[in-house]
Amino acid sequence: MIRTHYSTQVTSEMNGTSVTICGWAHEIRDLGGITFLVVRDREGLVQVTLFKKTIDKNVLEVVRNLSRESVVAVTGTVKKEAKAPNGYELVPTQVTVLGKADSPLPMDTTGKVDADLDTRLDARFMDMRRPRTQAIFRIRHLMLKSIREFLDQDGFIEITTPKVVATATEGGTALFPITYFEREAFLNQSPQLFKQLMMSGGLDRVFEIGPIFRAEEHDTRKHLNEATSIDIEASYLDNEDVMVILENLVKHVYSTVAEKGTKYLEMLGVVITVPKTPFRRITYDEAITIARDNGEKIEWGDDLSTESEHSIGKTIGEHYFITDWPTKIKPFYAMPYEDKPEICRAFDMMHPRMELSSGAQREHSYELLKQRISDKGLNPDGFEFYLKAFRYGMPPHSGWGVGAERLLMTMLGIENIREVVLFPRDRKRLSP
RNA sequence: GUCCGGAUAGUGUAGCGGCCUAUCAUGAGGGCCUGUCGAGCCCCCGACCCGGGUUCAAAUCCCGGUCCGGACGCCA
């Protein structure tokens with residue numbers, strides 16, 4: 001192992017000890033008699049100071065010939081120094097170039113000159129070196145980790161379902177066809193059907209965090225053709241029960257990030273307000289009334305337009321649920337109310353800016369489910385692998401799916417969803 | 001897919017018919033400088049998306065293409 005310490009593990013109390021730091025040549029400032037090399041690693045910056053009179057000539061030569069963003073290993077003595085950032089600097093005994101960087105760089109990493117998102121995505125590896133960009137992905141990690149902890153704590157078992165599937169899952173969205181040996185297959189739009197199968201399988205409570213694929217030709221700041229979905233499914237719980245899990249999960253994510261992600265939130269200049277639970281619940285009927293009061297044209301049975309969504313979000317001003325949706329605009333697996341089958345036990349969880357999640361209590365009667373598939377104009381034969389599980393003892397169950405990117409972008413106040421994905425896939429972008 | 005806006009050095013920009021041999025910053029190369037921390041100062045390098053048209057003259061106007069941004073649609 002070359003590295004002995006990350007930049008942040010070195011302190012002025014270590015005065016006199018020798019350490020090796022590995023990272024990128026962030027900046028080189030040659031003042032003549034004294035040269036400063038700032039090395040950046042994952043955790044922060046270290047100042048390496050070279051005094052012309054006392055430094056080894058070979059070391060000085062290496063540093064003077066160093067190009068910005070080259071990878072270096074610096075072995076040096078920690079020197080307590082009030083004039084240095086963080087109160088210490090490194091007096092090098094050896095500087096090794098581990099990876100030379102060409103010049104000019106595809107973009108600036110120091111924050112002096114902004115680059116367009118498109119430029120940054122073309123050189124994402126370099127963009128990732130910017131502390132600001134890295135902060136987003138460190139928070140993404142905190143978010144996913146806290147979700148796993150929360151769900152594990154609540155008895156959920158993590159599963160992994162296939163992304164290559166034989167048939168369209170739910171209708172509605174367009175799928176990417178692929179060649180699977182001599183047959184046609186598709187990239188899955190959602191783990192929905194498979195997580196439901198696990199209710200029949202007796203796992204009782206499951207979750208999956210994984211990729212979903214949508215072949216829709218959308219072109220907005222909140223859509224991706226490959227996104228990350230956080231899905232749960234739980235037996236013996238109704239729609240209200242899983243809504244409670246969802247709002248508590250969101251609250252948990254926010255408080256965990258606020259608590260453990262302070263450093264990254266500061267880098268981004270973001271202050272997080274942990275949402276209060278329970279989230280407000282409004283019915284679909286109430287939602288369209290609000291939209292109409294705000295001047296939107298909307299008929300009962302219409303899905304919410306972007307404008308309506310924004311107008312309702314503005315009125316409510318915080319996370320909320322829209323419940324009791326018209327059965328005809330929700331998928332076949334949403335359970336209609338027994339006494340009022342035109343509406344169903346489906347809900348959407350909303351951030352004022354956009355929809356974050358949709359879920360429902362599921363229809364678990366084989367006969368009704370089969371009927372609903374037909375009613376939606378889908379062929380039940382294609383769903384035999386799924387329907388079969390409902391004929392041999394399927395518990396009542398409910399679940400939801402949250403768009404991980406949307407949860408993250410709304411939490412951080414980021415405008416473009418592409419910012420929170422390493423290598424976004426959209427209508428135009430397939431590389432890198 | 002529709003509508004609107006845009007494309008100028010590696011990066012980010014100014015210019016919007018002749019003052020353009022194109023502005024500024026950052027960066028690259030060279031020089032000065034022993035405490036910089038967006039170091040400073042001097043020199044220097046580097047660009048008008050592609051194709052067609054209008055005009056005495058096009059970075060600038062028009063048409064087409066490509067790509068980018070935004071709104072909407074589709075969708076979650």
Side-chain angles (χ1 to χ4, degrees), chain A residues 26-40 45-55 60 64-65 67-69 79 81-87 89 91 101-123 126-127 130 169-175 189-192 212-231 302-310 329-331 346 348-351 354-359 400-407 409-410 415-418 426-429:
Chain A
H26 188 63
E27 283 180 296
I28 304 147
R29 282 191 279 271
D30 184 355
L31 275 63
I34 187 169
T35 300
F36 299 103
L37 162 66
V38 179
V39 176
R40 185 193 67 246
L45 304 170
V46 173
Q47 175 165 288
V48 179
T49 306
L50 298 87
F51 300 95
K52 191 181 177 183
K53 280 183 182 164
T54 53
I55 195 75
L60 186 65
R64 283 199 166 154
N65 290 323
S67 55
R68 282 171 66 234
E69 293 302 323
K79 184 184 162 204
E81 173 57 69
K83 281 180 272 187
N86 307 318
E89 60 196 11
V91 178
D102 275 354
S103 175
L105 300 168
M107 58 176 286
D108 170 60
T109 53
T110 62
K112 284 179 199 163
V113 183
D114 282 337
D116 289 341
L117 181 58
D118 195 52
T119 305
R120 291 169 44 209
L121 291 176
D122 280 340
M126 179 84 37
D127 181 44
R130 297 164 69 228
T169 314
E170 312 166 21
T173 194
L175 299 186
Q189 70 182 90
S190 151
Q192 180 62 32
I212 53 169
F213 303 91
R214 310 276 163 109
E216 298 295 335
E217 297 193 358
H218 34 52
D219 189 10
T220 78
R221 295 191 291 175
K222 58 176 183 180
H223 291 277
L224 291 165
N225 293 295
E226 179 178 5
T228 310
S229 169
I230 302 156
D231 267 86
D302 288 347
D303 210 338
L304 263 32
S305 66
T306 304
E307 257 182 322
S308 300
E309 208 176 273
H310 288 169
I329 55 170
K330 284 293 175 186
D348 279 5
M349 196 270 286
M350 314 291 295
H351 178 276
M354 69 188 80
E355 178 187 336
L356 297 185
S357 170
S358 62
W400 43 251
V402 172
E405 286 81 15
R406 287 187 176 188
L407 179 60
M409 74 187 284
T410 51
E415 298 292 335
N416 195 321
I417 197 165
R418 280 158 262 245
D426 59 36
R427 183 72 186 86
K428 298 282 177 60
R429 186 175 283 279

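Naming convention: chains lettered A, B, ... in sequence-line order (proteins, then strands); numbering from 1 in each chain. Because the structure is predicted, anything quoted here is derived from the model rather than measured.
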Report task. Using the C1' atom on both, measure B:C33 against B:G18 and round to a whole Å. Result -> 46 Å
Report task. Determine the Euclidean distance between corresponding C1' atoms of B:U13 and B:C68; express it in Å to zero decimal places. Result -> 16 Å
Restricting both atoms to N or O, compile the protein contacts to nucleotides 40-50 of chain B shorter than 3.5 Å, with distance only.
none

Query raised in the report: Between atom CZ in A:Phe213 and atom C1' in B:C74, what is the gap in whole Å?
Result: 20 Å
Report task. Could you tell me the separation between the NZ atom of A:Lys53 and the P atom of B:C33, rounded to a whole number of Å? Result -> 12 Å
Requested in this report: When you get a sec, tell me which of B:G35, B:A76, B:U26 is the closest nucleotide to the side chain of A:Val113?
Outcome: B:U26
Query raised in the report: Is the number of heavy atoms from other residues, nucleotides or ligands within 6.0 Å of CZ (A:Arg427) greater than 12?
Result: no
Sub-3.5 Å pairs of nitrogen or oxygen atoms, protein against nucleotides 4-7 of chain B:
none

Query - Rounded P spacing from B:G6 to B:C61 in Å - result: 9 Å
Requested in this report: List the steps and the verdict of salt bridge (charged side-chain N to carboxylate O under 4.0 Å, His left out) for A:Asp118 and A:Arg429.
Outcome: CA-CA 10 Å; A:Asp118 195 52; A:Arg429 186 175 283 279; 2.7 Å; yes
Query raised in the report: Starting at CD1 of A:Ile28 and ending at C1' of B:G27, how long is that distance when rounded to a whole Å?
Result: 13 Å
Query raised in the report: What is the distance, rounded to the nearest whole Å, between atom CD of A:Glu27 and atom C1' of B:G35?
Result: 15 Å
Requested in this report: Please tell me which of the listed nucleotides, B:C74, B:G38, B:G12, lies nearest to the side chain of A:Asp116?
Outcome: B:G12
Requested in this report: Write down the distance separating the P atoms in B:A57 and B:A25, rounded off to the nearest Å.
Outcome: 35 Å
Query raised in the report: Taking any strand in view, what nucleotide pairs with B:A57 in a Watson-Crick or G-U wobble way, both distances under 3.5 Å?
Result: none
Query raised in the report: Who is the Watson-Crick or G-U wobble partner of B:G1, with both distances under 3.5 Å?
Result: B:C72
Report task. Could you check which nucleotide pairs with B:U21 in any of the strands shown, counting Watson-Crick or G-U wobble with both distances under 3.5 Å? Result -> none
Query - B:A14 - base-pair partner by Watson-Crick or wobble geometry, distances under 3.5 Å - result: none
Report task. Both distances under 3.5 Å, Watson-Crick or G-U wobble: report the partner of B:U66, or none. Result -> B:A7
Query - B:C44: pairing nucleotide in any strand, Watson-Crick or G-U under 3.5 angstrom - result: none
